[in-house]
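A short write-up of the structure that comes next.
Below, chain A is the first sequence line, B the second, and so on; all start at residue 1. Any value given below was found using the heavy atoms of this structure, including those in side chains, with hydrogens, waters and symmetry copies removed.
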Amino acid sequence: MEYNFAEIEKKWQAWWAEHQTFRVRAAAGRPKFYVLDMFPYPSGAGLHVGHPLGYIASDIYSRFRRLRGFNVLHPMGYDAYGLPAEQYAIQTGQHPEVTTAANIARYRRQLDKIGFSFDWSREVKTCDPAYYRWTQWAFIRMFNSFYSYEQNRALPVSELVRAFETSGTEGLRAACGKELSFSAAGWQAMSEKDRQETLMNYRLAYLGDTMVNWCAALGTVLANDEVVNGVSLRGGYPVEQKVMRQWCLRVSAYAERLLSGLDVIDWPASLKETQRNWIGKSEGAEIRLPLAPSSSGGGGGEVVVFTTRPDTVFGVTFMVLAPESAYVPALVTPGQRPAVEAYLASVKRRTERERMADRKVTGVFSGSHVLHPLTREPLPVWISDYVLAGYGTGAIMAVPAHDSRDYAFAKQFETELRAQLGGKCPIVPLIEGCDVSEESFDAKEGKMINSPQEGCVCGLVLNGLEVKEAIAKTKAYIEANNLGRVQVNYRLRDAIFSRQRYWGEPFPVYYDAEGMPQMLPEEALPLELPEVDRFLPAGTGEPPLGRAGRWAWDSVRKEVVATARIDNKTVFPLELNTMPGFAGSSAYFLRYMDPHNEKALVSREANEYWRSVDLYIGGTEHATGHLIYSRFWNKFLFDTGAVCEDEPFRKLINQGMIQGRSSFVYRIQNSNTFVSLNLKDRYEVTPLHVDVNMVENDVLDTDKFRAWRPEFAGAGFILEDGKYICGWAVEKMSKSMYNVVNPDDIVEKYGADTLRMYEMFLGPLEQSKPWDTNGIDGVHRFLRKYWRLFFEGGRLAVSDAPAGAAELKILHRLINKVQTDIEHFSFNTSVSAFMTGVNELTGLGCRKRAVLEPLTVILSPFCPHVCEELWSLLGHAGSIADATYPVYEERYTVEERFAYPVSFNGKVRFRKTLPLGLSREEIASAVLGDGQSAKYLEGRKPEKVIVVPGKIVNVVV
RNA sequence: GCCCGGGUGGUGGAAUAGGUAGACACGCAGGACUUAAAAUCCUGUGGGCAGUAAUGUCCGUGCGGGUUCAAUUCCCGCCCCGGGUACCA
């Protein structure tokens, strides 16, 4: 009987589907394990061979856990909202729902062919109203919540209102947009509209005027992580800064918890580091600098700066404001106004991109001065775009000696600054021995100098202190003398949550007669996405939903009605924006736990059983997007009591990318002749990408090549050894490089089991590596060899004879190796171990059930189809997925290992072979009692014997 | 610039609480079977030197130092490659 993979795979895939083999239910008392893949966006191009890498790994792990007795939740779904479907819809008029459904069907067919053990009964699609209902629900909850720094969690806004009623903002510690201050009486005096505006400053989902990344080409705003180098991640269109009123999520409120939570989860160090950088915690101080009396603001004004280096306060020689800073208008003197206005205009003209490409030092003097907080000397206030409005207070104290950016600025404007400082040099070093003639000294180390002496007016003496001590002392001084406060800043910004798009979740929001946003009642959810005639933004600049006729809210009848009926008493306009891509992916892992629940996102029982994801596999590209937002989202739900775990993903693995291995042919210039790789240096050639599907083991199929394109029909070839050898390079897998390998083709030719094993064999899971079809034969050969172990002369020939010692040794070494390797996610070495084991068994001619049956079980996570078939041929009813993983018994694998007694001075070296299983003491005495060792050790008394079983013996004399 | 990874045969990669470097596979070479091819199987395969040979011997994990009886593994200094991030005060 031959290994007929096509037949076997078809048969077992149908069997699994029919018997719902991988359907799971919560089962109290049975240990659970939740294995999750990052669900795919179903693009029009279908899957290439790189996509399933992580799915194969998670599937192997799931099947392994199942065999070990765990109740494994391993679901799959689709991140179905997204820009490509909408762009396609704009171009073709095809409804995104239609193309998305077609793409999903195609993905499903491709996934099924690989033989994954997903529980498809739990499938989730983000564009399904039954699903996005809970996305809208969470949004309403966020709108109705604020973040208390007192309790370090989200609380209902009703509690905030109660606090305002009794004590105003007195003693309030809550996350907010800007610090407000009013009394209980002040709150009482506010109009309803003012109260709503005030609350908006605290809500976790809020409408705010924010500087957004506006992409005109896409007609929408983008989140920070959707912008790369000043252009949009998708499409690469230019992005500009613009103030717009947008829905935002107060992710920044959770900055500290998002940061500290990283300490308790098992994620790759590099990914945690990326998130730490993104959150960007910096501890420092805000310092208030009073305006100099002569300045335009008159007496009483002040400017607040943020610094992480308060110790350098005596090196401050000027101040800089961001161009967009709110301080600017008040501080510009009439004389400087024209110069400042010209500067602001020039800054506005420069796009983000230009600012990055050309980092010129620019700036303008505001005309005003502030007073140094300690020495009371006047300091000039400048305006420059190297200070960012969005970070800290948008104003800095410049210390040119110890900050490279301030240094560059001081050098650029040295003449002006010197004049303003009465001839003094603006660069004042504060650390002993540092040289600031060429560059600033930014390091936080050394001893302080140049601070005032003991007994000076201000009383802050830093001389002689280490930088760290000086920072602490200055912070304490600032607080004690009311010059400012200790402050922690985060780089993490709130997430902008509005998109001017059609293909996304609608907001459950309408605007009342006052124009204030109101949430729809929860019973009205889901608010379904309406039909529109076209998917472009409306001519008025409104988002595409502005084209929907049926898009107003009747607040009395509680239903969606036609826009035409808006009467401003009971029927109101609905929000026209939709939610961004990350909305739907922020809680999908919770929905899988209880996907058909109509009462809740997830029931308490289901959530308490499945809890959180035990293993999450996906790419690093989501480090600062999805993986931050979903942690935030989950923490919020945790605060409201909707879920029982604070962190959603306990362990995370980043699978590497599979790159393409492009093939090249070399055309001799001005001809239609192509020269083989090793002969190309003799000619002037142009390399051309050639479709990798026409190349095998780097040899070009010249007939296929001629048939590929009309212009190659008459191509000539200069061959070497009768073959045309192609050149190759590792590039991103993409259509334009003709290096896309479709998993369907591989499955067709070699079978799914070979594809699964080969993808694992290619190298470590975390590593990026090029796809190289060349090596796949080796894996396929292994499977055929393995199949043949069961057959002799065309029939099944498995004997019931007891297994011998040598066979059991091979088997148990395999069990041990494969089990520990899977537990460490080292799938490539597991596959190698199988190959070795099967080679050895073939060598022994072993066809014994006692060996082959357990071997089939441990191999089944990797090659489920062939193992199922053999399992059934061995006489088992049911699926191998219900089998039990064999137990490793060490006694079968006892073997001799080396022990190395140790010589000294490099004079004596010897090696000794000892049986395994001896105790440390036994090894030590065996070594020391050995003739050679005894001779060497004669006259020296061992002080200490260090033994590592099976490995080393160290003797210290 | 800063922060993470990583440099091992012709190729993908094994082996790190320091202990026989190159498992496994590809490729290549030779052989068996075959009229032939494919498929399959067997053998060899880091480099140099010596030997008819079994074998012996030296050199070898990016480069230069160090620690150690012993370093791919630990320490110091470089070089190169990949990823993240970037006026965040």
side-chain contact (heavy atoms from CB on, under 4.5 Å) partners of A:Glu621, counting only residues at least two apart: none

Using the side-chain heavy atoms of A:Arg788, tell me which of these nucleotides is nearest: B:A89, B:U85, B:C41. B:C41

Nearest to the side chain of A:Arg784, which nucleotide is it out of B:C41, B:A89, B:A39? B:A39

Do A:Arg631's NZ or CZ and the ring of A:Trp278 fall within the cation-pi criteria of under 6.0 Å and 45°? no

Using Watson-Crick or G-U wobble pairs with both distances under 3.5 Å, give me RNA chain B in dot-bracket, 5' to 3', with [ ] for crossers and | for pairs to another strand. (((((((..(((......[....)))((((((.......))))))(((((....)))))..(((((..]....))))))))))))....

Non-neighbouring partners of A:Val692 that pass side-chain contact (heavy atoms from CB on, under 4.5 Å), sequence neighbours left out: A:Ser663, A:Asn739, A:Val741

To the nearest Å, how far apart are A:Glu621 CD and B:G82 P? 19 Å

Using the side-chain heavy atoms of A:Thr308, tell me which of these nucleotides is nearest: B:A89, B:C3, B:C41. B:A89

Would you please indicate if the ring centroids of A:Tyr758 and A:Trp771 are separated by under 6.0 Å? yes

Considering residues at least two apart in sequence or located in another chain, which fulfil the side-chain contact (heavy atoms from CB on, under 4.5 Å) criterion with A:Pro764? A:Glu766, A:Gln767, A:Asn828

Touch class at under 4.0 angstrom, heavy-atom based, for A:Arg276 against every strand present: nothing

Mind checking A:Lys785 for me? I need base, sugar-phosphate or nothing, with any heavy atom below 4.0 Å counting as a touch. sugar-phosphate

Identify whether the distance between the nearest side-chain nitrogen and carboxylate oxygen of A:Arg788 and A:Glu2 falls below 4.0 Å. no

Among B:U40, B:C24, B:C87, which is the nearest nucleotide to the side chain of A:Asn839? B:C24

For A:His780, all residues meeting side-chain contact (heavy atoms from CB on, under 4.5 Å), sequence neighbours excluded: A:Tyr3, A:Phe5, A:Tyr750, A:Thr754, A:Arg784

May I ask you to test the A:Ile478-A:Val486 pair for a side-chain heavy-atom distance under 4.5 Å? no

With a 4.5 Å cut-off on side-chain heavy atoms, are A:Ser440 and A:Asp406 touching? no

Assign each of A:Thr620 and A:Arg781 the nucleotide of RNA chain B bearing its closest heavy atom; nearer the 5' end lies the nucleotide of A:Arg781

Distance, rounded to the nearest Å, where A:Tyr750 contributes OH and B:C26 contributes C1': 12 Å

What's the closest nucleotide to the side chain of A:Thr836 if the choices are B:C87, B:C41, B:C24? B:C24

Could I get a table of every N or O pair under 3.5 Å where one atom is in the protein and the other is in nucleotides 12-15 of chain B?
unit_1	atom_1	unit_2	atom_2	d
B:G12	O2'	A:Leu762	O	2.9
B:G13	OP1	A:Gln767	NE2	2.6
B:A14	OP1	A:Asn828	ND2	2.9

Syn/anti state for B:G84 [syn: chi within 90° of 0]: anti

If you check every side-chain atom of A:Leu388, which of B:C87, B:A39, B:G84 has the closest atom? B:C87

